[in-house]
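Since the structure comes first, as structure tokens, the remarks are kept for the end.
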Amino acid sequence: ANSLGNHWIDYRYENSDWGELSYLINSETITFTEPYSILNDVEYYFAYRPPYVLEFDYNNQHFILINVHYKCCGDGNLDEEDFGDEEYRRLQATYHLDDYISTNFSNSNVIIAGDFNDSLDDDSQNNVFNLFFNNLEYLFADFSIALEDNYWQYWSFPSWPSHLDHIVISNELFDEYENPNSTCSTLVFDDLFNNGWIDYDSYISDHRPVKLSLNTSQ
């Protein structure tokens, strides 16, 4: 952040050796209040990374950005009778997020973004995102990416391979998302490295970023 100039500001949930949720913000672009965490009382379901919220204003609109990191791993099978089952923990994280949004941000422009550590196209019996899919108030902006056959050019975690990093928007943003100038894509930064994915994975991350661009002019 310091190397980017005076207008860039960084926030981190806690100053520790743990992989904390963070924000890197261009203060020339948006106005915002300091990020805060939510659902700390159920952080177990979020692998002890409680969602990190940034409220900001852009183009005369107010936005709620919720940064998440769901529990990793599992066997692909949802066991709702096993409190420690990874899929069950991700399912509960989805329930708690929905409840919090319904209670506190029911009419807000909400964006949920991060490493959800699960695929969107699992069968309904084992899909931890059924609540989002079955609720008309949510939409996965990156759903089409998850269905791509050429995973190496589109998926966020190609070394597995899988697409695990998602962006969910609330119905208040559907009209902006449907604008032809709005896009959602995976940023294939590894193409910029001399040794491609090998260098990117070594120096940056084992996940690629997913970008959402919304036309808010209307």
Side-chain angles (χ1 to χ4, degrees), residues 9 11 13 21-43 45-46 49-70 90-121 124 127-147 156 163-187 209-218:
I9 302 173
Y11 290 94
Y13 170 59
L21 297 179
S22 307
Y23 282 106
L24 182 62
I25 303 168
N26 185 339
S27 61
E28 282 190 316
T29 305
I30 63 173
T31 57
F32 62 94
T33 55
E34 185 171 338
Y36 57 92
S37 63
I38 60 173
L39 298 173
N40 297 65
D41 56 328
V42 289
E43 65 176 11
Y45 295 122
F46 294 91
R49 296 182 179 95
Y52 201 31
V53 179
L54 177 68
E55 297 196 34
F56 67 94
D57 293 298
Y58 174 76
N59 204 12
N60 297 316
Q61 292 192 56
H62 188 67
F63 294 85
I64 308 294
L65 178 58
I66 305 177
N67 185 352
V68 299
H69 193 141
Y70 277 26
R90 292 194 285 274
L91 178 71
Q92 291 301 310
T94 299
Y95 285 155
H96 286 290
L97 265 179
D98 169 63
D99 182 65
Y100 191 92
I101 292 169
S102 298
T103 302
N104 298 278
F105 305 130
S106 60
N107 297 308
S108 302
N109 296 314
V110 177
I111 303 170
I112 313 169
D115 180 1
F116 285 79
N117 264 314
D118 215 319
S119 300
L120 300 182
D121 58 349
S124 60
N127 199 312
V128 303
F129 305 122
N130 280 335
L131 187 151
F132 287 146
F133 279 118
N134 297 331
N135 192 325
L136 296 178
E137 295 186 1
Y138 299 106
L139 182 149
F140 278 96
D142 63 302
F143 185 67
S144 62
I145 298 174
L147 302 181
S156 66
H163 180 65
L164 304 179
D165 304 271
H166 310 305
I167 300 177
V168 182
I169 59 175
S170 65
N171 62 328
E172 289 80 9
L173 291 170
F174 287 2
D175 54 343
E176 284 87 349
Y177 180 71
E178 292 168 358
N179 187 291
N181 294 319
S182 296
T183 61
C184 185
S185 60
T186 301
L187 298 179
V210 177
K211 173 185 72 72
L212 175 66
S213 177
L214 291 177
N215 188 318
T216 61
S217 61
Q218 62 233 45

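From a predicted model like this one, the values you see are computed outputs, not experimental measurements.
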Would you call the rings of Phe133 and Phe129 parallel, tilted or perpendicular, where under 30° means parallel and over 60° means perpendicular?
perpendicular
Ring geometry between Phe116 and Phe132 (parallel below 30°, tilted from 30 to 60°, perpendicular above 60°):
perpendicular
Side chain to side chain contact (heavy atoms under 4.5 Å, CB included) between Phe140 and Ile145, worked out
CA-CA 10 Å; Phe140 278 96; Ile145 298 174; over 6 Å; no
Do the two ring centres, one from Phe46 and one from His69, sit under 6.0 Å apart?
no
Once rounded to the nearest 0.5 Å, what's the spacing between atom [atom1] of [X] and atom [atom2] of [Y]?
X: His62; Y: Asp57; atom1: NE2; atom2: CG; value: 5.5 Å
X: Leu54; Y: Ser22; atom1: CG; atom2: OG; value: 12.0 Å
X: His163; Y: Asp165; atom1: NE2; atom2: CG; value: 7.0 Å
X: Gln61; Y: Ile30; atom1: CD; atom2: CD1; value: 13.5 Å
X: Asn109; Y: Leu65; atom1: CG; atom2: CG; value: 11.5 Å
X: Ile111; Y: Leu173; atom1: CD1; atom2: CG; value: 5.5 Å

Polar side-chain atom of [X] near backbone of [Y] as donor-acceptor pair, under 3.5 Å:
X: Tyr23; Y: Tyr52; answer: yes
X: Ser213; Y: Thr183; answer: no
X: Ser102; Y: Asp98; answer: yes

Test side chain to side chain contact (heavy atoms under 4.5 Å, CB included) on Leu120 and His166 and set out the steps.
CA-CA 9 Å; Leu120 300 182; His166 310 305; 3.4 Å; yes
I'd like to check [X] versus [Y] (side-chain heavy atoms, cut-off strictly below 4.5 Å). Are they in contact?
X: Leu91; Y: Tyr45; value: no
X: Phe174; Y: Ile169; value: yes
X: Glu172; Y: Val110; value: no
X: Ile25; Y: Phe56; value: no
X: Leu39; Y: Pro50; value: no
X: Leu164; Y: Ser119; value: yes
X: Val168; Y: Ile66; value: no
X: Glu55; Y: Phe105; value: yes

Assess, by modelled atom type and distance only, whether the side chains of Ser37 and Asn40 contain a donor and an acceptor separated by less than 3.5 Å.
yes
Regarding Tyr13 and Asn67, do their side chains bring together a donor and an acceptor under 3.5 Å, going by distance alone?
no
Return each pair, listed once, that meets salt bridge (charged side-chain N to carboxylate O under 4.0 Å, His left out) where at least one residue sits in residues 107-119; pairs must be two or more places apart or across chains.
Arg90-Asp118
Pair Leu147-Asp121, side chain to side chain contact (heavy atoms under 4.5 Å, CB included): steps then yes or no
CA-CA 8 Å; Leu147 302 181; Asp121 58 349; 4.2 Å; yes
Counterpart residues, side-chain contact (heavy atoms from CB on, under 4.5 Å), relative to [X] (two or more places apart):
X: Asn181; value: Asn179, Asn215
X: Asn104; value: Tyr100
X: Leu187; value: Ser185, Phe189, Pro209, Lys211

Compare every heavy atom of Val68 with every heavy atom of Pro51, then report the nearest pair and how far apart it is.
CB-CG1, 4.2 Å
Which heavy atom of Ser27 sits nearest a heavy atom of Ile9, and at what distance?
CB-CD1, 3.9 Å
Give a yes or no on this: more than 12 heavy atoms of other residues, nucleotides or ligands lie within 6.0 Å of atom OH of Tyr36.
yes
Holding to salt bridge (Lys or Arg N to Asp or Glu O under 4.0 Å), I want the full list of residues that pass it with Asp142, two or more places apart in sequence or in another chain.
none
Intermediate values then yes/no, side chain to side chain contact (heavy atoms under 4.5 Å, CB included), Val210 and Cys184
CA-CA 7 Å; Val210 177; Cys184 185; 4.0 Å; yes
Partners passing side-chain hydrogen bond (donor to acceptor under 3.5 Å, both in side chains) against Tyr11 (at least two apart in sequence or in another chain):
none
